[in-house]
Amino acid sequence: MEARHDSESLSPPQIAAIRRSMTSGRMALTRRSLLRAGGAGAMAVGGLGALGGCGIPPAGRTEANNASDDHSDEEKKVDFSNWSEYMDVSEDKKRHPTLDEFQRRTGIAVKYTEDINDNVEFFGKIKPQLAGGQSIGRDLICVTDWLAARMIRLGWMQKLDSANLPHAFANLAEGFRTPDWDPGRSYSYPWTGIPAVIAYNKKATGGRKVTSITQLLEDPKLKGRVGMLTEMRDTVGLTLLDMGKRPEDVTADDYDAALARIQKAVDRGQIRRFTGGEYTGDLGQGDLAACVAWAGDLVQLQLDKPQVEYAVPDAGYMTSTDNLLVPNKARHKKNAERLIDYYYEPKNAARVAAFINYQCPVDGVRDELAKINKDLAENPLIIPDEEMTAKSHAFRSLSSEEETVFEEKFTKLTGA
């Protein structure tokens with residue numbers, strides 16, 4: 001078996017970070033968390049092997065290698081792989097109304113498969129075909145930004161045709177337009193945003209608000225009742241922002257300074273533990289007085305636990321994305337692009353947002369969402385207002401070497 005390109009191999013610290021994410025991070029227990037946790041464990045090990053072990057070198061990046069014969073005109077179908085609980089469903093749980101409407105409108109049948117349990121497992125499934133320049137049997141996939149960046153860098157995703165994406169081009173919210181891993185969104189469009197903010201249980205805090213990372217790390221009244229996330233980019237990114245640093249421009253020295261600050265809080269017993277999505281139970285019960293949290297979890301949690309509130313730090317918050325991409329050799333590229341574009345019509349985007357409760361990347365969706373649920377339409381965790389949008393930040397893309405160093409240090413800090 002041929003050697004892999006070193007720049008794309010995963011180091012032991014990177015693999016450890018992925019394992020941590022699968023067992024206690026966002027991969028395991030978020031996006032309707034517990035429903036997704038089942039089935040990811042044993043199968044994910046194969047995905048880790050595909051990422052970290054011997055494999056086929058990346059396919060070439062020439063247009064000839066990336067091109068595929070598009071059969072969209074004569075084959076009215078599209079194969080779409082997504083996460084579970086990431087699409088609107090009917091009351092009887094048997095249909096996806098927006099997909100049904102797309103088929104009625106266009107005559108394009110959608111084979112919709114909820115077969116993405118976590119990014120690593122899914123990548124393990126599709127990597128051999130992608131690396132070999134073969135079709136993966138899917139026209140549209142949805143993966144998190146770090147994996148989207150990796151596959152674009154490898155030359156395994158197709159450049160999208162803007163002529164088939166008029167609504168997407170016009171309605172993509174400004175804050176999602178220029179990720180450093182896909183400037184101008186040439187290869188991807190976001191399905192949803194995943195903000196990381198601060199949450200607190202106002203009963204556990206005695207009615208006090210918790211609005212900053214400084215409070216989490218230094219307020220003696222919160223000692224032993226603070227949670228931070230096992231996702232490095234969210235925890236360190238928020239700490240950097242609190243220190244007046246931009247995660248978009250983070251240097252090695254900045255990173256070390258942020259870790260040192262968190263380490264001091266660990267040494268003082270300020271932080272109870274580093275968690276994934278399981279923080280929701282501790283926060284709701286008051287075992288955690290305050291923590292770093294993902295917005296989609298909070299929208300759901302507040303329905304049952306009104307004592308839970310959230311704050312967007314004045315210093316800013318972190319956002320990652322799940323993204324729609326068309327793989328090389330997709331048989332129905334234009335149909336996939338039409339489906340992407342369909343979900344950038346505000347009415348359709350609103351129906352999805354009302355179900356999944358994560359940040360919607362589509363401008364103009366508020367009025368449509370208000371027709372479904374006025375409270376959701378006014379929730380800035382789903383539709384950010386101008387003030388919140390201005391506070392959004394993303395951790396810059398890291399080289400493989402940087403990620404190895406950063407994750408190794410973070411793993412040591414968290415004890416994972």
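Note that the structure is a prediction, hence the values are computed from the model and not measured.
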Among Leu160, Leu324, Ile152, which residue satisfies the side chain to side chain contact (heavy atoms under 4.5 Å, CB included) criterion with Tyr187? Ile152
In terms of heavy-atom contacts, Asn201 and Gln285 come closest through ND2-C, 4.2 Å
If we ignore hydrogens and angles and just use 3.5 Å, is the side chain of Asp139 paired with the main-chain N or O of Lys333 as donor and acceptor? no
Evaluate the side-chain proximity of Lys334 to Asp73: yes if any heavy-atom separation is below 4.5 Å, no if none is. yes
May I ask you to decide whether Asp314 forms a salt bridge with Lys391, counting only side-chain N to carboxylate O separations under 4.0 Å? yes
In terms of relative ring orientation, are Trp191 and Phe80 parallel, tilted or perpendicular, with 30° and 60° separating the classes? perpendicular
Does Arg246 come within less than 4.0 Å of Asp249, counting only side-chain N to carboxylate O? yes
In plain terms, say whether Glu309 and Lys209 are close enough for a salt bridge, that is, a side-chain N and a carboxylate O under 4.0 Å apart. no
Measure from the side-chain N and O atoms of Thr106 to the backbone N and O of Ile108, and report whether any donor-acceptor pair falls under 3.5 Å. yes
Would Arg273 and Glu278 pass as an ion pair if we require N to O under 4.0 Å? yes
What I'd like to find out is whether the side chain of Met151 reaches to under 4.5 Å of the side chain of Leu130, using heavy atoms alone. yes
Just wondering, do Leu222 and Gln270 contact through their side chains at under 4.5 Å, heavy atoms? yes
Is there side-chain contact between Met318 and Thr235, with at least one heavy-atom pair below 4.5 Å? no
Using side-chain heavy atoms (C-beta onward) and a distance below 4.5 Å, is Cys142 in contact with Trp83? yes
Please find out if less than 6.0 Å separates the ring center of Tyr317 from that of His393. no
Measure the shortest side-chain to side-chain distance between Leu369 and Ile382 over non-hydrogen atoms and say whether it is less than 4.5 angstrom. yes
Are Arg331 and Asp79 within salt-bridge range, i.e. N to O under 4.0 Å? no
For Pro190, which of Asp322, Asn323, Val362 qualifies under side chain to side chain contact (heavy atoms under 4.5 Å, CB included)? Asn323
Indicate yes or no: at least one non-hydrogen side-chain atom of Tyr279 is less than 4.5 angstrom from one of Leu229. yes
Are Thr113 and Ser81 linked by a side-chain donor-acceptor pair shorter than 3.5 Å? no
Sidechain N-carboxylate O distance under 4.0 Å for Glu345, Arg351: no
To check you understand the geometry: which heavy-atom pair defines the closest contact between Ala349 and Tyr343, and what is its length? CB-O, 3.4 Å
